[in-house]
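Note that the numbering runs from 1 along the sequence shown for the chain. When a ligand or atom number is given, it counts from 1 through the structure's own listing order. Since we're looking at a predicted model, the values are computed, not measured.
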Amino acid sequence: MSSLPPPTLRLDLDREALSANWRALDKMSGSARAGAAVKADCYGLGVEHCVPVLRDAGCRDFFVAHWSEVAAVIEHVEAAQVAVLHGPLDANEAAYARETGALPVIDSLRQAKLWEEGGGGPCHLMVDSGINRLGISPQEISDPVVQALDVQVLLSHLACADEDSAMNAQQLEAFRDAIQRIEHREASLANSAGIALGSNYHFDLTRPGLALYGGVPRPELADHIRQVAYPKAAIIQTRKLSAGDCVGYNATFTAPSEMRVGVLSLGYADGILRSWGGAAFRSCEKTLPILGKVSMDMIVIDLSNAPELGEGDWVVLPYHLPDAAQQTSLTQYELLTVLGNRFAR
Ligand SMILES: *Cc1c(COP(=O)(O)O)cnc(C)c1O
């Protein structure tokens, strides 16, 4: 039997850029050190590809959202370096935390109680300073069940760090107040955008995610962050259209004259959503517009400008995240996390 042929779509990862992005964010964090948000499979790019690079760059603090994400990360780093943002929902999850050695982020009085009933031990604590997502409220800090926790990192999370909002300073004040009221080893407030808000926001540890993977949530970061992910696809078929021929579902493109087109082996099932309609692929310096609607597994492109391209040749989708976000009306976060698992990484 012949071996499994390689996929006809690839997500090339610039590991050097990923490493450089972490080092840049660590440097911008001043006297604080940068950790890394590696939840959602490193924002869709792949834990097994990204976590070793971040570790080798010097990162020691890794944040996931779910307990199901722990196992893949601790194949590459020490369990005690992994924090689970959603905390323990029940005794089962608390027991799993102890078994693996990953640290829960305690997000409520109920979770604090659950953690202590299971034996307590080191944990992190999230205090809500205004986003009203997860975290104990500032008033709850004085509760004995919270005061009894062995808090390693006291965290809070900014709601509007990517904007020049008055809320940033309000959350900073609320966090500074919280810090006074509970014992902890270290404090952490800033995500990627928060790092660019200045040293007041850095405390001991920052938690960039998006910017590690090439996202630019604030203009101050633009000169420091490099693109990491490059989606590429093979042309699996070329065709000749006659004037008047249509392309794709609902026949939204009609050829104005005879033209040569290529069919690419990727589509919205891979995360190249319909909102990419009207955008273009590239080959070297040439622009290859998308024709008609994006299908689940296929995209048709105009090859009029590129007679040299044929079946089996590869083309690139420009995936500079700030530009792509403008072009598609998706956020930079969504552009990363929608990328599907048919890509060879
Ligand atoms: C996702 C997340 C981060 C990382 O945020 P970015 O905006 O991607 O840098 C940091 N902290 C918490 C609590 C998060 O949920």
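- Annotation for Ile131: hydrophobic cluster partners, listed by chain and number, are none (ILVMFWY side-chain heavy atoms under 4.5 Å, direct or chained).
- With Ser129 as reference, Gln171 is the one residue of Glu173, Arg176, Gln171 to meet the side-chain hydrogen bond (donor to acceptor under 3.5 Å, both in side chains) rule.
- Counting only residues at least two apart or on different chains, the salt bridge (Lys or Arg N to Asp or Glu O under 4.0 Å) pairs with a member in residues 221-236 are Asp12-Lys232, Asp14-Arg226.
- Listed by first and then second residue, the ring pair (Phe, Tyr, Trp, His ring centres under 6.0 Å) pairs that reach into residues 152-178 are Phe175-Phe203, sequence neighbours excluded.
- Between Leu18 and Leu45 there is no side-chain heavy-atom pair separated by less than 4.5 Å.
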What short N/O contacts, under 3.5 Å, does ligand 1 make with the protein, listed by atom pair and distance?
residue: ligand 1; atom: 7 (O); partner: Asn191; partner atom: ND2; Å: 3.2
residue: ligand 1; atom: 7 (O); partner: Tyr333; partner atom: OH; Å: 2.5
residue: ligand 1; atom: 8 (O); partner: Tyr43; partner atom: OH; Å: 2.6
residue: ligand 1; atom: 8 (O); partner: Leu210; partner atom: N; Å: 2.8
residue: ligand 1; atom: 9 (O); partner: Ser192; partner atom: N; Å: 2.8
residue: ligand 1; atom: 9 (O); partner: Ser192; partner atom: OG; Å: 2.5
residue: ligand 1; atom: 9 (O); partner: Gly209; partner atom: N; Å: 2.9
residue: ligand 1; atom: 11 (N); partner: His157; partner atom: ND1; Å: 3.4
residue: ligand 1; atom: 11 (N); partner: Arg207; partner atom: NE; Å: 2.9
residue: ligand 1; atom: 11 (N); partner: Arg207; partner atom: NH2; Å: 3.3
residue: ligand 1; atom: 15 (O); partner: Lys39; partner atom: NZ; Å: 2.6
residue: ligand 1; atom: 15 (O); partner: Arg133; partner atom: NH2; Å: 3.4

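- Taking the six-membered ring where tryptophan is involved, the planes of Tyr96 and Trp67 are perpendicular, since the angle between them exceeds 60° and thus also 30°.
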